[in-house]
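Step one of this worksheet: look at the structure below.
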Amino acid sequence: MTQPRLFDHHCHGVVRRDLDRAGFEALLTEAGHAGGVFDSRIGFAVLRWCAPVLDLPPRSTVEEYLARRTELGYQEVTRRFLTGAGLSGLGVDTGYAPEPVLSPDELGAMAGAPAHEVLRLEQVAEQVAAGGCPAAGFASAVRDRLASAECVAVKSIAAYRVGLELPGERPTDAEVTAAAGRYLSTMDRLADPVLHRFLIWAGVDLGRPVQFHVGYGDRDVDLHRCNPLLLTGLLRAIEPSGVPVMLLHNYPYHREAGYLAQVFANVFVDVGLATHNLGSRSAALVAETLELAPFGKFLYSSDAYGLPELYHLSAVLFRRALAEVFAAEKLSDAETARLTGLVAEGNARRVYRLR
Ligand SMILES: [Zn+2]
């Protein structure tokens, strides 16, 4: 079968610079620092699957790989990996850019596929706060800004700030005003359970899919507070709206996420970020998520950030893992093609209402 093109429904920009070894390693995993990365699954996977894209034999050494990368320059390297990923569309989260990165349009042009923006709810709130706003006007200012935004979805990073154990009910106007007052008086980083819940419901009211960071992430996250089962009450409350809830990453709680995708009509899951980090073990990751998750509720994302390699690497590993699942089921070619089409891009096009 030809390689299916993938709709990468959650990804980020890549950096605009050449990288030395420490810089490359720091962007390769969520550790954010160099050291030992190449002696782990993701390091093996880079040398195996990315080296050929740079005209090197698989299993080149780290030194050969990085030297070739420098020789080609970051622009050519980025072009090769984004083209090589074989994407049919991108959903780009523009809310994480600790340094200048490629914009959605630039990523889309390199990948040869349309790129759509996913807006971070917390960023919207922080922009409203920075613009100066009384506590009583905070909620409506956030809603107005969301209503005028051009985005296919919104994203909550409550997991990073307060964890996922959030009550299902909408906070009252009085609760939001009080919480906004506390936030606006300190202007610390937004981390208030009431405000995160308010933002999530503002996203639900917008009627576009709401993405949630779940599970694996950088060391800023308290992973034990990022089990998607903690969202159960909120998912029950959102379900009647019919608004799609997109649980991102999920590892190591991908089986829990698969359960939620099975039992809630509007819950969808992916295994972005973990796919490339687990390297060859991503086959088990995809298979375990699909133990319970219906194929119509499972999407592809890379969650690539910083390194263009991650766009390519995730796509390669994901296609292989998915093909293994179908092979194990001994499905007909026609059924395999139909379900591959759903996971690769059909589910994303339906959920994000893209043609
Ligand atoms: Zn992300």
Side-chain angles (χ1 to χ4, degrees), residues 93 95 118-215 217 220-222 224-248 256-257 260-261 263-268 351:
D93 173 356
V118 175
L119 195 60
R120 250 186 217 203
L121 292 165
E122 289 77 6
Q123 191 178 39
V124 170
E126 283 159 4
Q127 285 166 352
V128 165
C133 154
F138 181 78
S140 60
V142 167
R143 287 198 194 97
D144 289 348
R145 201 173 256 257
L146 282 174
S148 63
E150 275 191 39
C151 60
V152 293
V154 294
K155 180 188 176 194
S156 166
I157 55 163
Y160 267 94
R161 304 288 176 84
V162 295
L164 294 177
E165 197 166 10
L166 298 167
E169 304 77 43
R170 284 167 187 271
T172 63
D173 289 349
E175 286 172 323
V176 175
T177 300
R182 290 191 296 272
Y183 169 51
L184 294 169
S185 67
T186 62
M187 290 297 280
D188 284 342
R189 197 166 78 144
L190 192 154
D192 181 304
V194 170
L195 292 182
H196 287 287
R197 265 163 68 218
F198 158 70
L199 290 170
I200 291 162
W201 279 107
V204 171
D205 292 341
L206 199 62
R208 284 172 230 172
V210 181
Q211 298 185 346
F212 282 82
H213 176 98
V214 179
D220 218 14
V221 92
D222 285 343
H224 68 281
R225 297 193 300 174
C226 297
N227 185 324
L229 296 180
L230 296 170
L231 284 172
T232 303
L234 192 58
L235 296 177
R236 274 197 196 103
I238 294 174
E239 190 178 36
S241 73
V243 168
V245 172
M246 319 304 290
L247 304 181
L248 307 175
E256 286 86 338
L260 294 169
V263 301
F264 287 103
N266 59 329
V267 170
F268 297 79
V351 170

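Heads up: numbering here begins at 1 and tracks the sequence. Computed from heavy atoms alone, side chains included, the values below leave out hydrogens, waters and symmetry copies.
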CD1 (I157) and CG (L121) are apart, to the nearest 0.5 Å, by 9.5 Å
4.5 Å side-chain heavy-atom contact, V245 and F268 | no
Evaluate the side-chain proximity of I238 to I200: yes if any heavy-atom separation is below 4.5 Å, no if none is.
-> yes
Residue pair L119 / K155, side-chain heavy-atom distance below 4.5 Å | no
Report the C-alpha separation of M246 and V210 in whole Å, then their side-chain angles, then the decisive distance to 0.1 Å, and conclude whether the side-chain contact (heavy atoms from CB on, under 4.5 Å) test is met.
-> CA-CA 6 Å; M246 319 304 290; V210 181; over 6 Å; no
Heavy atoms of P228 and L260 approach each other most closely as O-CD1, 3.5 Å
Straight-line distance of L164 CG to L229 CG, nearest 0.5 Å | 10.0 Å
Does the side chain of D222 come within less than 4.5 Å of Y160's, by heavy atoms?
-> no
Anything under 3.5 Å between a donor and an acceptor, one on a side chain of residues 189-198, the other on a protein residue two or more places apart or in another chain? List them.
from, atom 1, to, atom 2, distance (Å)
R189, NH1, D220, OD2, 3.2
D192, OD1, V194, N, 2.8
D192, OD1, L195, N, 3.3
D192, OD2, R182, NH2, 3.4
H196, ND1, E122, OE2, 3.1
R197, NE, P167, O, 3.4
R197, NE, E169, O, 3.0
R197, NH2, E169, O, 2.8

Can you pull the side-chain hydrogen bond (donor to acceptor under 3.5 Å, both in side chains) pairs that have at least one residue in residues 128-138, sequence neighbours excluded?
-> none
Within the side chain of E239, is there an N or O that forms a donor-acceptor pair under 3.5 Å with the backbone of A265?
-> yes
Identify the heavy atoms of V221 and A159 that sit nearest to each other, and give their distance.
-> CG2-O, 3.9 Å
Side chain to side chain, V154 and R120, heavy atoms closer than 4.5 Å | no
Decide yes or no for F212 and L231: does some side-chain heavy atom of the first lie under 4.5 Å from some side-chain heavy atom of the second?
-> yes
Side-chain heavy atoms of V152 within contact of R208, under 4.5 Å = no
Verify, without hydrogens or angle tests, whether T177 (side chain) and A174 (backbone) share a donor-acceptor contact under 3.5 angstrom.
-> no
Side chains of W201 and L234 in contact at under 4.5 Å (non-hydrogen atoms) = yes
With distance as the sole test, does N266 use its side chain to make a donor-acceptor pair with the main-chain N or O of V243 at under 3.5 Å?
-> yes
Return a table of donor-acceptor pairs under 3.5 angstrom between the side chains of residues 126-144 and protein atoms on other chains or two or more places apart.
from, atom 1, to, atom 2, distance (Å)
E126, OE2, R161, NH1, 3.1
Q127, OE1, R145, NH1, 3.0
S140, OG, G137, O, 3.2

Hey, does the side chain of E175 reach the backbone of T172 with a donor-acceptor pair shorter than 3.5 angstrom?
-> yes
Nearest 0.5 Å, what's the SG-CG distance between C151 and L146?
-> 7.0 Å
CG (D173) with more than 12 external heavy atoms under 6.0 Å | no
